[in-house]
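Report on the structure given below.
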Protein chains: 2
Amino acid sequence: MARQGSLSANPAPSLRIGEVARRTGLPVKTIRYYCDEGLLQSKDRSAGGYRLFDEENLAELAIIRALRAMDVSIPELARILEVRRAGVCNCAVLKDSIAAKMESINLRIGELAAMKDELARLLSSWQDCGGSKLQR
Amino acid sequence: MARQGSLSANPAPSLRIGEVARRTGLPVKTIRYYCDEGLLQSKDRSAGGYRLFDEENLAELAIIRALRAMDVSIPELARILEVRRAGVCNCAVLKDSIAAKMESINLRIGELAAMKDELARLLSSWQDCGGSKLQR
DNA sequence: GTGAAGCTTCTACCCAGTGGAGGGTTCTTG
DNA sequence: CAAGAACCCTCCACTGGGTAGAAGCTTCAC
């Protein structure tokens with residue numbers, strides 16, 4: 001698939017994992033883990049077996065990072081990236097999973113708010129408790 | 001196991017794990033796990049090696065359940081229950097950990113709200129994307 | 001005494017990584 | 001060309017809070 005586009009198209013993969021880590025801010029181990037999980041596909045290996053990445057991989061890692069920060073799971077990310085890799089617009093897939101994510105965030109916020117209220121109630125109901133023994 | 005005690009003082013431990021599970025709504029495995037982790041101390045064992053619990057254990061499980069629902073960690077719970085078991089008022093300990101918990105809940109709510117905003121922004125910025133191929 | 005339900009311990013699995021061991025590769029310097 | 005530093009590889013074990021299953025023992029009602 002020699003794509004000889006002029007700009008940042010697809011030069012020979014040349015970035016080693018440490019450089020990718022430096023550029024993305026992700027730990028080397030995490031990048032390797034993403035490779036193992038199939039999220040990231042290093043284009044090639046060096047003669048000595050080193051993973052070699054390209055700019056496209058950096059773009060994928062940017063997506064992974066952003067969506068992971070929003071708690072999109074690894075399997076879901078794998079699905080999204082697979083569709084993306086197929087070259088098809090995956091707006092629908094993304095929109096679905098983002099909408100679902102927003103829904104679950106709303107739920108979670110509601111739960112946390114309820115917890116907070118409960119904790120506040122708990123705290124205020126203890127104002128009278130000194131430091132002495134309790135009969136529990 | 002004649003239980004002739006009238007109320008919930010401290011009768012001989014007589015509840016087996018299944019009964020405790022039924023009463024608390026927790027899975028048997030979870031209760032066993034709490035025992036293993038030192039949260040819960042079954043008072044005795046039957047001749048055949050079965051864990052035997054009492055009313056006090058039920059009270060502890062109620063505390064565990066309530067605080068776990070608020071994401072208090074197992075080690076922290078162990079600490080709290082240990083103090084409680086020592087018979088000392090642990091209002092200070094509880095208050096500290098609850099205050100810390102409220103703080104972290106606030107942080108988390110802020111994070112989630114920010115995520116939600118970001119997702120909403122993302123979604124609205126994609127309204128123009130059809131179903132066709134993308135050059136990604 | 002027999003069958004079912006309940007219990008025991010043990011091992012392994014989930015997620016999303018992280019840490020370390022032990023060993024190979026690449027690059028720079030002399 | 002050799003040494004050494006920096007880098008990378010795979011493999012295994014661990015995290016937290018449980019959950020699932022296997023193999024075998026106990027309890028209880030009939």
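Proteins come first, then strands; the chains are lettered A, B, ... in the order of their sequence lines, and each starts at number 1.
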Whole angstrom is fine here: how far is it from [atom1] in [X] over to [atom2] in [N]?
X	N	atom1	atom2	value
B:Ile74	D:dG16	CD1	C1'	8 Å
A:Leu67	C:dA16	CG	P	13 Å
B:Asp44	D:dT26	CG	C1'	16 Å
A:Ile17	D:dA6	CD1	C1'	15 Å
A:Leu15	D:dC8	CG	P	11 Å

Would you say [N] has OP1 or OP2 under 4.0 Å from some side-chain N or O of [X]?
X	N	answer
B:Arg68	D:dG18	yes
A:Ser46	D:dC8	no
A:Arg22	D:dA6	no
B:Arg51	D:dT26	no

Would you mind checking if [Y] and [X] are paired as a salt bridge, meaning a charged N to carboxylate O distance below 4.0 Å?
X	Y	value
B:Arg108	B:Glu111	yes
A:Arg79	A:Glu76	yes
B:Glu55	B:Arg23	yes
B:Arg16	B:Glu19	no
A:Arg65	A:Glu60	no

Beyond-backbone contact of B:Leu61 with B:Val20, side-chain heavy atoms, under 4.5 angstrom: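 Yes. Closest side-chain heavy atoms under 4.5 Å.
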
If you assign B:Arg16 and B:Asp71 each to the DNA chain D nucleotide with the nearest heavy atom, which residue ends up on the more 5' nucleotide?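 Its nearest nucleotide being more 5', the pick is B:Asp71.
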
Pick the nucleotide of DNA chain D nearest each of A:Gly18 and B:Pro27; which residue has the one closer to the 5' end? A:Gly18

Hey, is the side chain of A:Tyr50 pairing donor to acceptor with the base of C:dT25 inside 3.5 Å?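 Yes, the side chain and the base share a sub-3.5 Å donor-acceptor pair.
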
Enumerate the residues from residues 28-41 of chain B whose closest heavy atom to DNA chain C is under 4.0 Å, giving them by residue number; use none for an empty result. B:Arg32

Same apolar cluster: A:Tyr33 and A:Ile80, side chain cutoff 4.5 Å: yes

